[in-house]
Amino acid sequence: MIKAGILGASGYTGARLALHLARHRDVEIAFATSRKDKGRSMSDLYGALGNVCDIELIEPSEAEKIDIDVLFTCAPDQTSMKVVPGYLKRGVSIVDLAGDYRMDSEESYEEWYGAPHESPEYLEQKVFGLTELYRDKIAGTRLLSNPGCYPTSVILGIAPLVEAGLVQCDDIFVSSVSGISGAGKGLSEFKLFYEADSNVLPYKHGRAHKHTGEMEQELSKIAGTSCRVVFAPHVVPMKTGIVSTIRLSMKEKMCRDDVMALYRERYDSEFFVRVHENGLPNSKYVADTNFCDIGFSIAEDTDTLIVVSTICNLGKGASGQAVQNMNVMFGFDEKEGLL
């Protein structure tokens, strides 16, 4: 049995994480923090957690006195970088669900996040926590950076093709839609029912979204050459879910059977990745799960391959993958707490 702490537990990601950890046979939640909601219980904020996780929320400063084995950081960007070094020095393992350690260098972090990094010496030490691609490294790390939701869908969606060198890596176009919970719990005008209902909201198109850098960084590692992504995200009126539609240019024409064989070879042994033999997945297939569902089509008489990759943004895109990674880090069954 290990003890876990949740820093920034009152948001949607923290609540989903608390649910997974409360169900985990090998984990005890030692603390959950929230400055805004301190003194209230998790089940006060989320009725579905009643009798499942009734832990009282405390100030982050109070948590520093409590012994834990692993810390999940769900606080906003630029928070983890301030507290993670202290916990690492105490021997605590970290699963960071924010973006503070996703980039590989101080320069790339500042480029995509628009702020200086306060503990850049740890950027090279971290492991990027896309479980299906980096499982061996995850098993040996104490500082894990959980991937962003959009990058998880995109990287898993096209990794087999990029890895095999079969597509033009400088010509990747991604159009994604996300449920409104992906924007967090904070109040914003675009989240109001009147604004969000029956609406598709494009935002930060081109290369303006910080997740673009994360996609390019990891895809370039897989490809062994520089990858270029043009990204078009949208918010749609559903609670959770991400559907990424990815257009790729093939270097040479491939038939459907050849592409399917490539995906099967890469993912047949991966429980949480499901490749669709026929048809394309949709967001309901993966709602409230840790699965990534992938399908594809080839545009007839062209060199264009279209991949559809869908996840739950709070599951495989955040808290579910965080627990999957923790399971690998501590040698537990990878599915524990997730099914």
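One is the number of the first residue; the rest follow in order along the sequence.
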Evaluate Asn313 against Ser178 for side-chain hydrogen bond (donor to acceptor under 3.5 Å, both in side chains), listing each step before the verdict. CA-CA 8 Å; Asn313 59 293; Ser178 172; 4.9 Å; no
Hey, mind stepping through Thr131 and Glu334 against side-chain hydrogen bond (donor to acceptor under 3.5 Å, both in side chains) and telling me if it holds? CA-CA 10 Å; Thr131 325; Glu334 213 162 297; 5.5 Å; no
Could you give me the CA-CA distance, side-chain angles and deciding distance for His117 and Asp100, then say whether side-chain hydrogen bond (donor to acceptor under 3.5 Å, both in side chains) is met? CA-CA 8 Å; His117 203 289; Asp100 286 13; 5.6 Å; no
I would like to know whether Lys251 and Asp303 meet salt bridge (charged side-chain N to carboxylate O under 4.0 Å, His left out); could you show each step before the answer? CA-CA 7 Å; Lys251 290 182 178 178; Asp303 64 353; over 6 Å; no
Given the rule in the side-chain hydrogen bond (donor to acceptor under 3.5 Å, both in side chains) test, do Asp293 and Thr310 qualify, once you have shown the distances and angles that lead to the verdict? CA-CA 5 Å; Asp293 280 19; Thr310 181; over 6 Å; no
For a side chain to side chain contact (heavy atoms under 4.5 Å, CB included) check, start with the C-alpha distance between Tyr101 and Phe128, then their side-chain angles and the critical distance, and finish with the verdict. CA-CA 8 Å; Tyr101 294 98; Phe128 189 77; over 6 Å; no
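Although no hydrogens or angles enter the test, the distance criterion places a donor-acceptor pair under 3.5 Å between the side chain of Lys126 and the main chain of Met103. Judged purely by atom type and a 3.5 angstrom limit, Ser105 uses its side chain to pair as donor or acceptor with the backbone of Ser108. For the pair Thr141 (side chain) and Leu143 (backbone), a donor-acceptor distance under 3.5 Å is present. Of the possible donor and acceptor atoms, none in the side chain of Tyr109 sits under 3.5 Å from a partner among the backbone N and O of Ala115. Here the side chain of Tyr263 pairs a donor or acceptor atom with the backbone of Gly157 at under 3.5 angstrom. Checked by atom type and distance alone, the side chain of Asp96 never pairs as donor or acceptor with a backbone atom of Ser145 at under 3.5 Å. A donor-acceptor pair under 3.5 Å is formed between the side chain of Ser119 and the backbone N or O of Met81. In this structure, Lys204 contributes its side chain and Pro233 its backbone to no donor-acceptor pair below 3.5 Å. Checked by atom type and distance alone, the side chain of Gln217 pairs as donor or acceptor with a backbone atom of Arg102 at under 3.5 Å. In terms of modelled atom types and a separation under 3.5 Å, the side chain of Arg16 and the main chain of Asp288 share no donor-acceptor contact.
Taken from NE2 in His211 to OG1 in Thr152, the straight-line distance is 8.5 Å, to the nearest 0.5 Å. The distance from atom CD1 of Ile298 to atom CE of Met254, rounded to the nearest 0.5 Å, is 6.5 Å. Residue Leu17 holds its CG atom at 11.0 Å from NE2 of His24, rounded to the nearest 0.5 Å. Here CG of Asn325 is found 9.0 Å from CZ of Phe72. Values are rounded to the nearest 0.5 Å. How far CD1 of Ile246 is from OG of Ser175: 10.0 Å, rounded to the nearest 0.5 Å. For the atom pair Ser220 OG and Arg228 CZ, the distance stands at 10.5 Å (nearest 0.5 Å).
Using a 4.5 Å cut-off on side-chain heavy atoms (C-beta onward), Leu97 and Ser319 make contact. Residues Asp258 and Leu166 are not in side-chain contact: their nearest non-hydrogen atoms beyond the backbone lie 4.5 Å or more apart. Leu130 places a side-chain heavy atom less than 4.5 Å from the side chain of Gln321. Proximity of Asp44 to Asp37: side-chain heavy atoms (C-beta onward) are nowhere separated by under 4.5 Å. In this structure, the side chains of Leu338 and Phe271 stay at 4.5 Å or more apart for every pair of heavy atoms. You'll find the side chain of Ile158 reaches within 4.5 Å of the side chain of Ile172, heavy atoms only. Within the 4.5 Å cutoff, the side chain of Leu144 has no heavy atoms near those of the Val328 side chain. Within the 4.5 Å cutoff, no side-chain heavy atoms of Leu156 are placed close to those of Phe272.
Aromatic pair Phe231/Tyr150: centroids less than 6.0 angstrom apart.
In summary, the side chains of Ser43 and Asp54 do present a donor paired with an acceptor at a separation below 3.5 Å, with no hydrogens or angles considered.
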Side chains of residues 87-95: which donor-acceptor partners sit under 3.5 Å, not counting sequence neighbours?
{"residue": "Arg90", "atom": "NH1", "partner": "Glu64", "partner atom": "O", "Å": "3.1"}
{"residue": "Arg90", "atom": "NH2", "partner": "Ile66", "partner atom": "O", "Å": "3.2"}

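Annotation for Ile311 and Cys149: closest pair CD1-O, 3.3 Å, computed over non-hydrogen atoms.
Using the six-membered ring where Trp is involved, Phe330 and Phe332 have ring planes that are parallel, under 30° apart on the 30 and 60° scheme.
Residues passing the side-chain hydrogen bond (donor to acceptor under 3.5 Å, both in side chains) test with Glu216 are Arg207, sequence neighbours excluded.
For the side-chain hydrogen bond (donor to acceptor under 3.5 Å, both in side chains) criterion with Lys38, the lone passing option out of Glu56, Glu62, Glu59 is Glu59.
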